[in-house]
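So the structure is just underneath, and the comments pick up after that.
Fair warning: this is a prediction, and the values are worked out from it, not measured in the lab. Whatever order the structure lists ligands and atoms in, that order sets their numbers, starting from 1. Values below: all heavy atoms of this structure, side chains included; hydrogens, waters and symmetry mates excluded.
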Amino acid sequence: MKMLINGEWVERDKKIEVRNPFDNSLVDTVPEGTVGDVEAAMESAAIGAKIAKEMPVHQRTTILKKAAAYVEQRFEDFARTIASEGSKTIREARKEVGRCINTMTVSAEEAKRIVGETIPFDSVEGSENRFGFYYRFPIGVISAITPFNDPLNLVAHKLGPALAGGNAVVLKPATVTPLSALKLGEALTASGLPPHVLNIVTGYGNVIGDALVTDARVRMISFTGGLEAGLEITKKAGLKKIGMELGSNTPVIVMDDADMDQAVELCVSGSFWAVGQNCIGVQRLLVHEKIYDTFVEQFVARTSRMKTGYQLDEGTDMGPMITEKEAIRIEEWVDEAVSAGAKVLTGHKRDGAVYLPTVLADVPEGAKVDVEEVFAPVVNLYKISSLEDGLERANSVNFGLHAGVFTKNIDTAFKAIKGFDVGGVIINDSSDYRLDLMPFGGVKGSGLGREGIKFSLMEMTEPKVVCFNL
Ligand code: NAP
């Protein structure tokens, strides 16, 4: 595929190969963008920002709705692209396409609800004759950088709200999964998005990243990715708004009054969805001591039944990790935990990029799999004596995106809601639940700000005050 710069889909002699992580087969190539390409994209986006801010809301709405319809008409093609360039199975990929359509549709709707309010100037003596209000205006050029794990919908979470708010965007998708993003770009240009408003540069983050974040024309960096890159970007950004959607090390508490079947089923899905490469995927399962043994037995049995293999086979439950390098990385992390005393209850076998769903117990405190983000199909089981014990352990890491709790007791649920140090608490489901219009984001190392269309729009527009001296 080609990248989009200055209103044109362009090639470059130097290419990046996009390969299916299961069998390493070539899916497609994209241009290897350079710093010069980012420079050209920024120049174009500066023109695009002027065009976008003059676009009436009805035009933005129409384009976004048409783009959603474009994706819907090519539903299966989009799903196959996600499942071929990345880790997701075809069934997981279809779910992502459905969510992308929703994200674009809600963005079209939210464009109509960017409102301000009147200001009570007469609340202060001497201002009785003043009257006014504020409204929200576009921020300008937004630099959007996205990760590999939801290669379509996380791009929609940048483009939908940014365009709904009347902004221009320079997008850089993850190098391993750029095709879904480029296809969404095609959907928008085919739906009437004027040239310059969207530029997409494909290329390596460690080569073109600085140009994307330091450019003075950029008013906001909207980043989704890992903590390491997020920290590096914040250091270099300068005076710009920053949206940081980062990773986590997600806890789920299972209390002794939980519905066991429900908890087992939903925690298995939450642990291994998208091969565990999921920012809200379950990593630490904190299970009440009274039900620990039964839960472990059922959880391990259910996990062992998962069918791992080729993403495009309808019967596959879990695909390969994004690269063999990543699979080797997690294998080493588990080896480290095992040599320090952890027990493997199932999994921990690797074949290329395929790493079996793995359940660990007795993980020693401080092991990488305990304190870092695993971002892999590995889940740790811990025995807890009470909710308070579970909450203390849950909050002991430098992350706080989502958490889950299984209980039938409303008091326990409310204590958990107050006690978890996170951006979202899910009751009677695993942490792995997200509706695309809810506020989404974390605390501590999990990020800054919130996404979720309406909330992204608040970040991607600014209030302008108007005051009449009558
Ligand atoms: P990543 O390595 O941080 O990369 C994310 C994006 O940033 C890629 O496009 C990457 O480009 C680019 N990048 C890397 N270093 C950069 C730099 N110094 N300057 C500018 N751009 C840079 O993350 P990933 O492995 O793709 O994704 C996994 C991470 O994303 C996990 O930590 C996960 O939890 C997090 N995540 C968070 C959310 C959320 O909403 N909170 C959602 C999904 C994923 P290259 O691809 O060229 O390296």
Check ion pair Glu110-Arg113 (N to O, under 4.0 angstrom) = yes
Ligand-residue contact atoms, ligand 1 with Thr175, heavy atoms, under 4.0 Å = 45 (P), 46 (O), 47 (O)
In this structure, atom 8 (C) of ligand 1 is nearest to the protein heavy atom Thr146 O, 3.3 Å
Only one of His348, Lys349, Arg350 forms a side chain to side chain donor-acceptor pair (under 3.5 Å) with Tyr355, so which one is it?
-> His348
Taking atom 32 (O) of ligand 1 as the reference point, the nearest protein heavy atom with its distance | Glu373 OE1, 2.6 Å
Touching ligand 1 at all, Asp150? Heavy atoms, strictly under 4.0 Å?
-> no
So which protein heavy atom does atom 15 (N) of ligand 1 come closest to, and at what separation?
-> Ala229 CB, 3.6 Å
Cationic N near anionic O, under 4.0 Å, Arg99 to Asp150 | no
Worked verdict on His402 versus Phe440 for ring-ring contact (aromatic ring centres under 6.0 Å, His included) = CA-CA 9 Å; His402 266 201; Phe440 185 77; 5.3 Å; yes
Mind checking whether Leu154 has an N or O less than 3.5 Å away from an N or O of ligand 1?
-> no
Among protein heavy atoms, which sits nearest to atom 12 (C) of ligand 1, and what does the distance come to when rounded to 0.1 Å?
-> Ile145 CG2, 3.6 Å
Which ligand 1 atoms does Glu245 reach within 4.0 Å, using its non-hydrogen atoms?
-> 37 (C), 38 (C), 39 (C), 40 (O), 41 (N)
Counting only heavy atoms on the protein side, is anything nearer than 4.0 Å to atom 4 (O) of ligand 1?
-> no
Report, as yes or no, whether the 6.0 Å neighbourhood of atom CZ on Phe414 holds more than 12 heavy atoms from other residues, nucleotides or ligands.
-> no
Leu401 heavy atoms, cut-off 4.0 Å: which ligand 1 atoms fall inside?
-> 41 (N)
Counting from 1, what ligand 1 atoms have a heavy atom of Glu232 closer than 4.0 Å?
-> 18 (N)
The atoms of ligand 1 lying under 4.0 Å from a heavy atom of Pro173, numbered in the order shown, are 9 (O)
Winner among Phe148, Phe375, Phe223 once heavy atoms are compared against atom 24 (P) of ligand 1 = Phe148
Heavy-atom nearest neighbour of atom 30 (O) of ligand 1 within options Gly281, Gly225, Ser248, Gly452 | Gly225
min-distance protein heavy atom vs atom 44 (C) of ligand 1 -> Asn149 OD1, 3.2 Å
Selection from Gly209, Pro178, Ala211 by shortest heavy-atom distance to atom 19 (N) of ligand 1 = Gly209
Nearest protein heavy atom to atom 11 (O) of ligand 1, by residue and atom, and its distance?
-> Lys172 NZ, 3.0 Å
Numbering the atoms of ligand 1 from 1, which are under 4.0 Å from a heavy atom of Gly203?
-> 47 (O)
Using a strict 4.0 Å cut-off to heavy atoms of Tyr204, name the atoms of ligand 1 that fall inside it.
-> 47 (O)
Which residue holds the protein heavy atom closest to atom 2 (O) of ligand 1, what is that atom called, and what is the gap in Å?
-> Gly226 N, 4.9 Å
Atoms in ligand 1 flagged as close to Leu246, the criterion being non-hydrogen separation under 4.0 Å = 37 (C), 38 (C), 39 (C), 41 (N)
For Glu76, look at atom CD and say whether over 12 heavy atoms of other residues, nucleotides or ligands are found less than 6.0 Å away.
-> yes
SB check Glu314 Arg94 (cutoff 4.0 Å) | yes
pair Leu231-Leu246: side-chain heavy atoms closer than 4.5 Å | no
For Arg80, does the CZ atom have more than 12 heavy-atom neighbours from other residues, nucleotides or ligands under 6.0 Å away?
-> no
Considering only distance and modelled atom types, tabulate donor-acceptor pairs under 3.5 Å from the side chains of residues 42-49, sequence neighbours left out.
from  : atom 1 : to     : atom 2 : distance (Å)
Ser44 : OG     : His196 : ND1    : 2.8
Ser44 : OG     : Asn199 : OD1    : 3.2
Ser44 : OG     : Asn199 : ND2    : 3.2

Do Asn20 and Gln311 have a side chain donor and acceptor closer than 3.5 Å?
-> yes
protein heavy-atom neighbour closest to atom 42 (C) of ligand 1 works out as Cys279 SG, 3.1 Å
Report yes if some heavy atom in the side chain of Glu92 is under 4.5 Å from a heavy atom in the side chain of Lys95; otherwise report no.
-> no
Are Asp37 and Arg12 ion-paired here, with the side-chain N under 4.0 Å from a carboxylate O?
-> yes
